[in-house]
Number of protein chains: 2
Amino acid sequence: MDDYDPHGFPPFAVTVDMVVFTIRRSRLQIVLIRRGAAPFEGAWALPGGFVRVDEDLEDAARRELAEETGITTAPSFLTQLRTYGSPDRDPRMRVVSVAWWAIMPISTHPVAGSDAASTELIDVDDVTAGRIELAFDHRLIVSDALEALGDRLETTTLATSFWTEEFRISDLRRIYETVWGVELEPGNFQRKVRRVPGWLQPTGRRAPTTEGGRPAELFRAEPGLRPLTPPLRRRPGPDPR
Amino acid sequence: MDDYDPHGFPPFAVTVDMVVFTIRRSRLQIVLIRRGAAPFEGAWALPGGFVRVDEDLEDAARRELAEETGITTAPSFLTQLRTYGSPDRDPRMRVVSVAWWAIMPISTHPVAGSDAASTELIDVDDVTAGRIELAFDHRLIVSDALEALGDRLETTTLATSFWTEEFRISDLRRIYETVWGVELEPGNFQRKVRRVPGWLQPTGRRAPTTEGGRPAELFRAEPGLRPLTPPLRRRPGPDPR
DNA sequence: ACAAAAGTGTTGTACTTACACCCATGA
DNA sequence: TCATGGGTGTAAGTACAACACTTTTGT
């Protein structure tokens, strides 16, 4: 930084973009908004916007999420993804965007239909498969965020951040299946997550049986985030043909 | 981004900072420069500087590394770390810095003493332990980069990027030991890395024996980067007391 | 012969997948 | 009774750490 020049620095705009994951009807979804102005007017886009000059980047992410979507509950998890700054990513000017990803607890998904009329929850599959067009490089950002989420599920207790209330082990399993796009053995999954000391706290209650079958035990998640030892491996074990 | 305002956006400076790892005399080191101007004049700092207005972020990182350190060989690995943008991280103005980390091959470490007189290779330990003071939040950036490096060694074949030429398996083991700060069983390590198909390519040659002992086989690394299956786990296996 | 590093063998334990099987409920 | 999902048992295979042991060089 020897060539530092406080008065002649190039003019950059700095924005934040947010990928907010939630689960609805066993489907992994993200929060999107409809753009009201050019470019990409009418297209779907991630919530986000300008960072203020005295504002921390993470604060900006939280603020823009609340302002643009009407979501008032704080995400149960929020972390930086990476920064996207290709010179041509915005047709009008040079924009560097710091992307974040987050998890919204499931109990708070009256999101769609909130006061922000243009806010919707969209299936991640529809985005990654290209059935939904996103503005700017937002489709790439969503792919990267999905990758990061999948990685964190392997090594940390993050998955339970999708609930503030009770859940069944099969609910937890469906998170993993949805994010990883695989099917997991119910029995083996059960044992693995139960073995993690302290993660799943028994409530003593049982779920009402909905489609037949033995009622499931209900658990509450340990608060906070911890590394999983051993990790829940994504790849189906060793398979060196 | 509905409140997009091309003419009134807040004035941000965007910089890049680089953490460039290399190994010298079995010690993990990073490239640092001496600052020639205020603030932090005379202090150590990471190479880095302003992103140009039409320049890709990664290109800026490579350019600043070359300009500030005189290092002409391209790093064998370069990836984004994260972005640091606390409002008070630079006392003069609002700066958002996109941090990167990289690996320099060992054979190219005539770096210290190159034409950039202020460039030095410094032990990472001296930085993380606070024996060397760094400008701005650069000590935090180094810690985060070290963490990221350790993680990648677990799951990818990245470690061999430290060499362009031949190396011994014990050289490779010392990388892991240095970055993770642990001692590894030579025999077990040997088997694990040999088991990865394609990673270590035999050259048929043997190292001259330096301190006695059977001469080691010399290997060359497979080009590119691959996931390690199974990963080389950092934690000493399962140990649930 | 001895020291030292390279590399292999072996054993007991942990973890995994696959799949059989039992449990507890509603219809 | 049957269907269904919840949950446990079990066996074969993989990976692991620990450590003994053999190999191959220099002195």
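Worth knowing before you read on, the calculation uses all heavy atoms, side chains too, and leaves out hydrogens, waters and symmetry mates. Values in this document were obtained by computation on a predicted structure and should not be read as measured data. Just so we're on the same page: letters track the sequence lines, and every chain starts at 1.
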Fill in: Spacing between A:F189 atom CZ and C:dT16 atom P, to the nearest angstrom
12 Å
Fill in: Value in whole Å for how far the C1' atom of C:dT10 lies from CD of B:Q190
17 Å
Worksheet entry | Verdict with reasoning, A:S170 to A:R174, per side chain to side chain donor-acceptor pair (under 3.5 Å) | CA-CA 6 Å; A:S170 59; A:R174 261 178 278 275; 3.3 Å; yes
Discussion item. Nearest to the A:P230 side chain among C:dT16, D:dA17, C:dA6, which nucleotide is it?
Written reply: C:dT16
Item to complete: Take the protein atom CG of B:L218 and the nucleotide atom P of C:dA6, then report the distance between them rounded to whole Å.
Response: 11 Å
Item to complete: Take the protein atom CZ of B:R194 and the nucleotide atom C1' of D:dC16, then report the distance between them rounded to whole Å.
Response: 19 Å
Practice prompt. Quickly work out the A:R195 CZ to D:dT8 C1' distance and round it to whole Å.
Written response: 13 Å
Worksheet item: For A:D171 and B:T229, take the nucleotide of DNA chain D holding the closest heavy atom to each; which residue's nucleotide lies nearer the 5' end?
Response: A:D171
Item to complete: Answer with base, sugar-phosphate or nothing: what part of the nucleic acid does A:T210 contact at a heavy-atom distance below 4.0 Å?
Response: nothing
Worksheet item: Under 4.0 Å: is that the gap between some side-chain N or O of A:S170 and OP1 or OP2 of D:dG5?
Response: no
Worksheet item: Is a side-chain donor-acceptor pair under 3.5 Å present for A:W100 with A:T79?
Response: no
Fill in: Salt-bridge contact A:D151-A:R234 (side-chain N to carboxylate O under 4.0 Å)
yes
Worksheet entry | Whole-Å distance separating the CZ atom of B:R233 from the C1' atom of D:dA17 | 13 Å
Discussion item. For the residue pair B:D144 / B:Y84, report whether a side-chain donor-acceptor contact shorter than 3.5 Å exists.
Written reply: yes
Discussion item. Between B:E166 and B:R206, does any NZ, NE, NH1 or NH2 come within less than 4.0 Å of an OD or OE carboxylate oxygen?
Written reply: no
Discussion item. Over all strands shown, is A:P208 touching base, sugar-phosphate only, or nothing at heavy-atom distances under 4.0 angstrom?
Written reply: nothing
Worksheet, complete the sentence: A:L172 CG to D:dG7 P, in whole Å, measures 12 Å
Worksheet, complete the sentence: Given protein heavy atoms under 4.0 Å, the one-letter contact record of nucleotides 18-27 of chain C, with B base, S sugar-phosphate only and - none, is simply BB---BBBS-
Discussion item. Is it the case that over 12 heavy atoms from other parts of the model lie below 6.0 angstrom from the CZ atom of A:R27?
Written reply: no
Worksheet item: Whole-Å distance between D:dC16 C1' and B:K192 NZ?
Response: 7 Å
Item to complete: Look at B:E217 together with B:R194 and state whether they make a salt bridge at an N to O cut-off of under 4.0 Å.
Response: yes
